[in-house]
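Just so it is clear, the values below take in all heavy atoms, side chains as well, and ignore hydrogens, waters and symmetry mates. Convention: sequence-line order gives letters A, B, ...; per-chain numbering from 1. Worth saying up front: this structure is predicted, and the values here are computed from it rather than measured.
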Amino acid sequence: MNPQPLFLHNTLSRNKERFEPQQPPLVGLYVCGPTVYGEAHLGHARPYLTFDVLVRYLRLQGYRVRYVRNITDVGHLEHDADEGEDKIARKARLEQVEPMEVAERYTRSFHASMQALNILPPDIEPRASGHIPEQLHMIEELMKLGFAYESAGSVYFDVAAYAAQYPYGQLSGRVADELLAGAGNERRALEGQSEKRNPADFALWKKAQPTHIMRWSSPWSEGFPGWHIECSAMSRKYLGEPFDIHGGGMDLLFPHHESEIAQSQACCGQVPARWWMHNNMVTIDGQKMGKSLGNFITLNELFAGNHPRLSQAFDPMVIRFFVLQAHYRSTLDFSSEALQAAEKGYKRFMDGVGVLMQLKSDASGDDFAVDSFVSSLYDALNDDLNTPMLIARIYEFLPQIHRMHEGKAHLSAKSLTRLQQAVQSLVTEVLGLTATQQQTGTHLNGVMDLLMDIRQQAKERRDFASSDEIRKRLELLGIQIKDGKDKSEWSLS
RNA sequence: GGUCGGAUGGCCGAGUGGCUAGGCAGAGCUCUGCAAAAGCUCCUACAGCGGUUCGAAUCCGCUUCCGACCUCCA
């Protein structure tokens, strides 16, 4: 248990603030989940990884976290689609399947990728399509309160009416007057603009065009919910208002999260979440990795090494380690070289941790201060989840571990146990890193034991021609032999 | 144009006033029948120009360059 306070950066104040939930030990966390109309890519992995570490750390500290992460399966208007049709509907027509079939397929694929990355599932994973009544209800409330209006079957949020009563733009630093005056709208050609009272207004409900397949009944039209209302309605339903932490990618800051705040504040009179946390983007060649830019690499491509930019396949744990080696609020530049560096570093890291776990105490005194080292590890996480700092401090400690392993340094049983427990819980439970799994069957293990015995006998006869022949031919089969002092080890490469 | 964030050694990436982060690559060494792996050692960078300070990668100003958001996007 860590007695030190945890500081988390709050986008609302642009400062690190000491985290204290409203009703300890309960913590309510909402994270914007994926829109399931395509394969998850590396950029998607970042927020889920970031908040996975947060949830794991909070739980280690004894908090009871309710983690809600939605699945957006109702589709949203696609601006650059020719007919302005629903993203999911468009994909469905192309693939000749039901829209929900597409959503289901990519939801399953998303779950598989998350599991591979050892990202714990959220406690509640609500689907937008399953919460249409809640969204309709919230829209009706907003209309009743005078913050929304109907226009040609669609319903829009009235930003001017809202801004007259509440501060608008506080999260993103936008100035309400300028937005209302249409600043930055020069390049907009959004469909439906003429229906709005003001260009800054955003849709709560959209009337479906005849070609639009995904549609639900509402008091105003057959249509579908607007771009931001699902998160407001679902977070309110499962976490109440206000809840503790709302998370998501930086690109959602505006308009998505700003709109969520406006909707919820208009309804309930307060900002819906106390902490707003935003992870930075994954870049590739200095540019954001994103669907619309077409420069993304899917997680499955990374796991399989199946992309022109990749020289090899990467273990999901290496991807996880790679992402955690950068602080979540910094951009992270992707390249195959950077991943290869992470792969090698990860192996050394986990090997060192593995050596530590095998250590036995044979001393009564301590050769170094375990307590200050362990607290320095917690300090890193307490400082706005500084995972790269945590990793670096463990790396720095690796030589000490090796000195102990060689019998050149010692720790008492009590200190060693404390060290092992701390590293174990931080590396395995919080960072979520586990040794990469080697898939070997019992048959292979048996055959390899036999071969290794034969080779060992050859070595003892100083028949190096034979032992080298075995090693060379196994290497061609993808099995690597490493000779130690007394015995040899093998591994699939 | 507006809002926000960056520029750190060959590459990735921490660090908000003094104590050379760390990883990868590279060099040397140890171990070893050889190889591989591993371990040890070395490699002292902070875009530019001013300013504040005993002292600045870190604070302030200016300049240059880059990115995110302002339109679905993690």
Base [N] to side chain [X], donor-acceptor N/O within 3.5 Å cut-off:
| X | N | result |
| --- | --- | --- |
| A:R471 | B:C34 | yes |
| A:R14 | B:C4 | no |
| A:D468 | B:G33 | yes |

Taking only side-chain N and O atoms of [X], does any of them lie within less than 4.0 angstrom of OP1 or OP2 on [N]?
| X | N | value |
| --- | --- | --- |
| A:R348 | B:G23 | yes |
| A:N386 | B:G15 | yes |
| A:S335 | B:C12 | no |
| A:K482 | B:A35 | no |
| A:H402 | B:G39 | yes |
| A:K288 | B:C69 | yes |

Under 3.5 Å side-chain donor-acceptor pair for A:S13 and A:N10: no
Side-chain donor-acceptor pair present, A:S232, A:E260, cut-off under 3.5 Å: no
Base, sugar-phosphate, or nothing for [X], non-hydrogen atoms under 4.0 angstrom?
| X | result |
| --- | --- |
| A:G43 | base |
| A:T50 | nothing |
| A:E337 | nothing |
| A:S467 | base |
| A:L42 | nothing |
| A:Q340 | nothing |
| A:L253 | nothing |
| A:H41 | base |

Minimum-distance pair of heavy atoms, taken over all atoms of A:R320 and A:L49: NH1-CD1, 3.4 Å
Quote, to the nearest angstrom, the [atom1] distance that separates [N] from [M].
| N | M | atom1 | answer |
| --- | --- | --- | --- |
| B:G50 | B:A38 | P | 47 Å |
| B:U30 | B:A45 | P | 30 Å |
| B:A47 | B:C40 | P | 31 Å |

Residue from A:H256, A:H278, A:H257 passing ring pair (Phe, Tyr, Trp, His ring centres under 6.0 Å) with A:H246: A:H257
Ring-ring centroid check A:F110 A:Y48, cutoff 6.0 Å: yes
From [atom1] of [X] over to [atom2] of [N], roughly how many Å is that when rounded to an integer?
| X | N | atom1 | atom2 | value |
| --- | --- | --- | --- | --- |
| A:L332 | B:C66 | CG | P | 21 Å |
| A:M250 | B:A68 | CE | P | 13 Å |
| A:K16 | B:G15 | NZ | P | 7 Å |
| A:Y328 | B:G6 | OH | P | 13 Å |
| A:R461 | B:C34 | CZ | P | 20 Å |
| A:Y106 | B:C73 | OH | P | 18 Å |
| A:F254 | B:C70 | CZ | P | 8 Å |
| A:D351 | B:G23 | CG | P | 14 Å |

Among B:C69, B:A14, B:A35, the one nearest A:D251 by side-chain distance: B:C69
Options B:A36, B:A14, B:C70, nucleotide nearest the side-chain atoms of A:M389: B:A14
Spacing of CH2 belonging to A:W227 relative to CZ belonging to A:F202, to within rounding of 0.5 Å: 10.0 Å
Spatial distance of atom CZ (A:R329) from atom OG1 (A:T11) [nearest 0.5 Å]: 8.0 Å
Whether A:H44 and A:H41 hold their rings parallel, tilted or perpendicular, with breakpoints at 30° and 60°: tilted
5' priority, RNA chain B, between A:Y395 and A:P47 [closest heavy atom]: A:Y395
Test salt bridge (Lys or Arg N to Asp or Glu O under 4.0 Å) applied to A:D367 - qualifying residues, sequence neighbours left out: none
Set of residues satisfying salt bridge (Lys or Arg N to Asp or Glu O under 4.0 Å) with respect to A:R403, sequence neighbours excluded: none
Every protein N/O lying under 3.5 Å from an N/O of nucleotides 7-9 of chain B:
none

Strand RNA chain B as a dot-bracket string - pairs counted if Watson-Crick or G-U with both distances under 3.5 Å, | where the partner lies in another strand: (((((((..(((.....[...))).(((((.......)))))....(((((..]....))))))))))))....
With A:D251 via side-chain contact (heavy atoms from CB on, under 4.5 Å) - residues at least two apart: A:M281, A:K288
side-chain contact (heavy atoms from CB on, under 4.5 Å) partners for A:M350, two or more places apart: A:Y346, A:V427, A:L433
